[in-house]
Amino acid sequence: MLSSKLPQHVKVVEVGPRDGLQNEATPVSANDKIQLIEKLGDAGVNYIESGSFVSPKWVPQMATSTEIFEKLNRKKNVTYAALTPNLRGFEAALAVNADEVAIFGAASESFSQKNINCSIEESLERFAPIMEAAKKANIKVRGYVSCVLGCPYEGEIAPEQVALVAEKLFAMGCYEISLGDTVGVGNPASVTKMIQAVSARVPIDKLAVHFHDTYGQALTNIYAALQLGVGVIDSAVAGLGGCPYAKGASGNVATEDVVYMLNGLEITTGIDFKKLLQAGWFISDKLGKAPISKVSNAYLAQEQT
Ligand code: HMG
Ligand code: MG
């Protein structure tokens, strides 16, 4: 660890099999998704968002989630999580023994409508029975806030608005709040302002950052968040994906790029970098495209010479 301001260890939340693959046009079989999840587990990634129990009409790519959770060979130390927008989704996740679930709200009214077909307030009402059922089933719930640094429909979003929604999700019982730059428009200055506003209401050690890399700012934004004391980073292997309801938004920051940077900063993650690269190459091959990760492509070029 090179700076006393930075955390010594970071928890990497791998969202590739969910956030990544939910937006890929090329169909990926349940079997290939399972192989990806298992390769990530073998690489030491110990939190994998593995699917999403949403309407298959809204996000057809996630329709295989039940099959994935049923057939997956699980590792003891890995948390296999799923997104659940309503009680029906939660019950589906529970039926296949998802270890954890995540509810997903937004700091923007328009995005909330486009993504989950209800207002922010209505979404919180829909989440309440999930929280109750999760408590009974002893399942932890993570909370997402989307559009924390901008909205594809409304443009700028006030940090205070993000803080209010984050605080509500935290007060409902979410153990961690993931702050999503869904459209990837943030920069270190806007990230800093937003995290300062949120951490005035939710403890910094309960916050995660979730950056899409549309404007190429994700790594530098992560560095800004680390300096503020954030210790949980969402990322997607091979830089997969995006959100179907945020047109033009590119994939999440690549896990390979994040781990390469953290290794350089001497921040531990528990991830075997070589095996992570291989997991990224595996899924990129299935998708018939190069990884959206500069680090991964650089290592791939070395392998091929
Ligand atoms: P709705 O139309 O308001 O709800 O959708 P509804 O209750 O009227 O149901 C509509 C249809 O969906 C019905 O089917 C229901 O049975 C079915 P039909 O009668 O028309 O045949 N349905 C379900 N099916 C399976 N599982 C369910 C479920 N619930 C209803 N759980 C709803 C509301 C929330 C369901 C819908 O809007 C939806 O599925 N949205 C999901 C959108 C989504 O997954 N977006 C991507 C994930 S969020 C994201 O990527 C951002 C994030 O990464 C952070 C960031 O980057 O910022 C997390
Ligand atoms: Mg996302």
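Both counts, for ligands and for their atoms, begin at 1 and track the order of listing. Computed from a prediction, not measured in an experiment: that's the story for all the values here. Here, residue 1 is the first one in the sequence, and each next residue gets the next number.
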Worksheet item: Between Asn252 and Asp19, does a side chain to side chain donor-acceptor pair (under 3.5 Å) hold up when you go through it step by step?
Response: CA-CA 8 Å; Asn252 297 80; Asp19 204 352; 3.1 Å; yes
Worksheet item: Given the rule in the side chain to side chain donor-acceptor pair (under 3.5 Å) test, do Tyr153 and Glu109 qualify, once you have shown the distances and angles that lead to the verdict?
Response: CA-CA 9 Å; Tyr153 312 102; Glu109 282 295 348; over 6 Å; no
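For ligand 1, none of its N or O atoms has an N or O atom of Ser52 under 3.5 Å away.
When all heavy atoms of Ala254 and Gly239 are compared, the pair lying nearest together is CB-N, 3.5 Å.
Ring centroid separation for the pair Phe90 and Phe127 does not come in under the 6.0 Å cut-off.
For ligand 1, the atoms closer than 4.0 angstrom to any heavy atom of Leu83 are 47 (C). Atom numbering of ligand 1 starts at 1 in the shown order; those under 4.0 Å from a heavy atom of Gln22 are 46 (C), 47 (C), 49 (C), 50 (O). Of all atoms in ligand 1, numbered sequentially from 1 with element shown, those under 4.0 Å from a heavy atom of Phe53 are 26 (N), 27 (C), 31 (N). Listed by number with element, the atoms of ligand 1 under 4.0 Å from a non-hydrogen atom of His212 are 56 (O). Applying the 4.0 Å criterion to heavy atoms of Asn117 picks out, from ligand 1, the atoms 1 (P), 2 (O), 3 (O). Per-residue contacts place Gly89 under 4.0 angstrom from the following atoms of ligand 1 (heavy atoms of the residue considered): 31 (N).
Contacts between Thr182 and ligand 1, counted as non-hydrogen atom pairs separated by less than 4.0 Å, involve both the backbone and the side chain. If you look at Asn115 next to ligand 1, the close heavy atoms, those under 4.0 Å, come from the backbone and the side chain alike. Contact annotation for Met62 and ligand 1: no heavy atom of the residue comes within less than 4.0 Å of the ligand. Contacts of Val54 with ligand 1, taken as heavy-atom pairs under 4.0 Å, involve both backbone and side chain. The part of Arg126 lying near ligand 1 is the side chain, judged by heavy-atom distances below 4.0 Å. Residue contacts with ligand 1, taken as heavy atom pairs separated by less than 4.0 Å, involve Phe104 solely via side-chain atoms from C-beta onward. Residue contacts with ligand 1, taken as heavy atom pairs separated by less than 4.0 Å, do not involve Val148 at all. At a heavy-atom distance under 4.0 Å, no atom of Arg142 approaches ligand 1.
Within Asp19, OD2 is the N, O or S atom that lies nearest to the Mg ion (ligand 2).
For the pairing with Ser293, the side chain to side chain donor-acceptor pair (under 3.5 Å) check across Asp257, Thr255, Asp213 returns one residue only, Asp257. Residue Met194 is tested with Asn221, Leu179, Asp181 for a side chain to side chain contact (heavy atoms under 4.5 Å, CB included); the sole match is Leu179.
Note on ring orientation: taking the six-membered ring where Trp is involved, the planes of Tyr260 and Tyr299 are perpendicular (angle over 60°, cut-offs 30° and 60°).
Other residues, nucleotides and ligands contribute at most 12 non-hydrogen atoms within 6.0 Å of the OH atom of Tyr215.
Under a 3.5 Å cut-off, the side chain of Glu14 and the backbone N or O of Val237 do form a donor-acceptor pair.
Remark: distances from the non-hydrogen atoms of Pro56 to ligand 1 include one below 4.0 Å.
With sequence neighbours excluded, no residue forms a ring-ring contact (aromatic ring centres under 6.0 Å, His included) with Phe170.
We find that Glu121 and Lys168 are joined by a salt bridge, their nearest charged nitrogen and carboxylate oxygen being less than 4.0 Å apart. Salt bridge absent: Glu303 and Lys274 never bring a charged side-chain N and a carboxylate O closer than 4.0 Å.
If you check each of Lys57, Glu91, Arg88 against atom 17 (C) of ligand 1, the one with the closest non-hydrogen atom is Arg88. Between the choices Asp19, Asp234, Ile116, Val59, the shortest heavy-atom distance to atom 44 (O) of ligand 1 belongs to Val59. Looking at Leu149, Asn86, Asn23 and measuring to atom 29 (N) of ligand 1, the nearest heavy atom belongs to Asn86. The residue from Ser146, Gly105, Cys118 that puts a heavy atom closest to atom 54 (C) of ligand 1 is Ser146.
In this structure, Arg18 satisfies the cation-pi test against Tyr144, with its NZ or CZ atom closer than 6.0 Å to the six-membered ring centre and inside 45 degrees of the ring normal.
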